[in-house]
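Single-structure report; data block below.
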Amino acid sequence: MRKKLVAGNWKMNGARESNAALLAALVGGVADCACDVAVCPPFPYLGQVADLLAGSKVALGAQTLSEHAAGAFTGEVAGAMLAEFGCRYVLVGHSERRTLFAECDGQVAAKFAAAQSAGLIPILCVGETLAQRESGETSSVVAAQMAAVIDVVGVKALASAVVAYEPVWAIGTGLTATPAQAQAVHAAIRAQVAALDADVAAGLRILYGGSVKAQNAADLFGQADIDGGLIGGAALVAEDFLAICRAAN
Ligand code: PEP
């Protein structure tokens with residue numbers, strides 16, 4: 001039985017005052033949730049959020065990391081730094097990083113490895129664009145994104161990782177994959193991993209992300225291979241995020 005995980009990706013949103021209000025509501029509200037819960041704030045707020053989450057069941061995550069351990073990489077943040085601030089998770093290969101910051105598959109694989117070297121749990125994001133879906137390439141695109149990481153780190157590395165299937169056309173658009181569309185891709189990801197290692201595949205948490213809301217979360221999370229969600233916009237509103245967490249119960 002895989003324990004569900006609901007992770008909030010705050011993207012480049014937040015301020016000290018609103019963070020404190022949001023987290024106060026979350027920490028109290030998730031106390032009775034059976035699923036794992038995490039929030040991924042922007043880098044400058046990691047210290048503040050770590051303090052506010054201390055002793056709670058909400059884990060801390062970051063939104064990206066450098067593939068390098070240290071050195072002359074102005075503006076970058078190393079995995080060890082995230083670990084020092086109490087991060088448990090880090091997003092790797094989010095589509096906004098792949099598209100807006102030109103992160104290629106090789107860099108995503110290197111970031112995945114760097115996260116694990118620092119003791120962090122990477123949440124590896126994969127997903128197709130609308131054009132790729134419409135031309136029937138969804139399975140091949142997602143399989144290639146998975147393979148690009150597995151080929152570098154090995155399938156066993158997925159035993160200490162999470163995957164998030166996020167169709168690019170559903171992120172921040174209000175469009176959501178239907179539960180059946182999402183389940184089909186999740187099942188394909190699990191089958192791809194199972195072909196290499198059945199035990200790793202059986203334990204692998206595969207989250208769905210892309211305009212998850214309180215209204216659609218239960219149907220998505222009810223699918224056999226959907227093990228929780230990666231939540232963007234709705235993670236910024238305490239009531240919405242809490243309702244999604246409850247849907248994972
Ligand atoms: C995301 O940023 O990972 C995401 C899924 O965003 P949204 O929920 O806003 O579509």
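Everything numeric here is computed off the predicted structure, so don't read it as measured data. All ligand and atom numbering here is 1-based and tracks the order in the structure. Index from 1, following the sequence.
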*Relative to the heavy atoms of Leu230, which atoms of ligand 1 are at a distance of less than 4.0 Å?*
3 (O), 5 (C)

_Worked verdict on Val39 versus Leu23 for side chain to side chain contact (heavy atoms under 4.5 Å, CB included)_ = CA-CA 9 Å; Val39 293; Leu23 293 171; 4.2 Å; yes

*Nearest protein heavy-atom contact for atom 3 (O) of ligand 1: which residue, which atom, what distance?*
Glu166 OE2, 2.7 Å

*Considering only the protein, which heavy-atom contact is closest to atom 8 (O) of ligand 1, and what is its distance?*
Gly232 N, 2.8 Å

*asked:* Against Asp227, only a single residue in Arg2, Lys3, Arg205, Lys4 fulfils salt bridge (Lys or Arg N to Asp or Glu O under 4.0 Å); can you say which?
replied: Arg2

*With a cut-off of 4.0 Å, which atoms of ligand 1 are near a heavy atom of Ser211?*
7 (P), 8 (O), 10 (O)

*Consider only side-chain N and O atoms of Tyr165 and Gln145, and report whether a donor and an acceptor are under 3.5 Å apart.*
no

*Could you tell me whether Asp197 and Lys156 have a side-chain N and a carboxylate O separated by less than 4.0 Å?*
yes

*Answer whether the closest heavy-atom distance between the side chains of Gln132 and Thr138 falls below 4.5 Å.*
no

_ligand 1 contacted by Gly172 (non-hydrogen, < 4.0 Å)_ = yes

*Counting only heavy atoms not in Arg246, do more than 12 sit closer than 6.0 Å to its CZ atom?*
yes

*Can a salt bridge be assigned to the pair Arg98 and Glu103 using a cut-off of 4.0 Å between side-chain N and carboxylate O?*
no

_Considering both backbone and side-chain atoms of Ile231, is one of its nitrogen or oxygen atoms within less than 3.5 Å of a nitrogen or oxygen in ligand 1?_
no

*Nitrogen or oxygen of Glu96 less than 3.5 angstrom from that of ligand 1*: no

*Mind checking whether Ile123 and Val90 have side chains closer than 4.5 Å, heavy atoms only?*
no

*For ligand 1, which atoms sit closer than 4.0 Å to a heavy atom of Ala170?*
10 (O)

*Under 4.0 Å from any heavy atom of Gly210, which atoms of ligand 1 are there?*
5 (C), 10 (O)

*Please write down residue, atom name and distance for the protein heavy atom closest to atom 1 (C) of ligand 1.*
His94 NE2, 3.2 Å

*Sub-4.0 Å atoms of ligand 1 with respect to non-hydrogen atoms of Asn9*: 1 (C), 2 (O), 3 (O)

*With a 4.0 Å cut-off on heavy atoms, is Cys125 touching ligand 1?*
no

*In terms of residue, atom name and distance, what is the protein heavy atom nearest to atom 9 (O) of ligand 1?*
Gly233 N, 2.8 Å

*Counting heavy atoms not belonging to Glu84, are there more than 12 under 6.0 Å from its CD?*
no

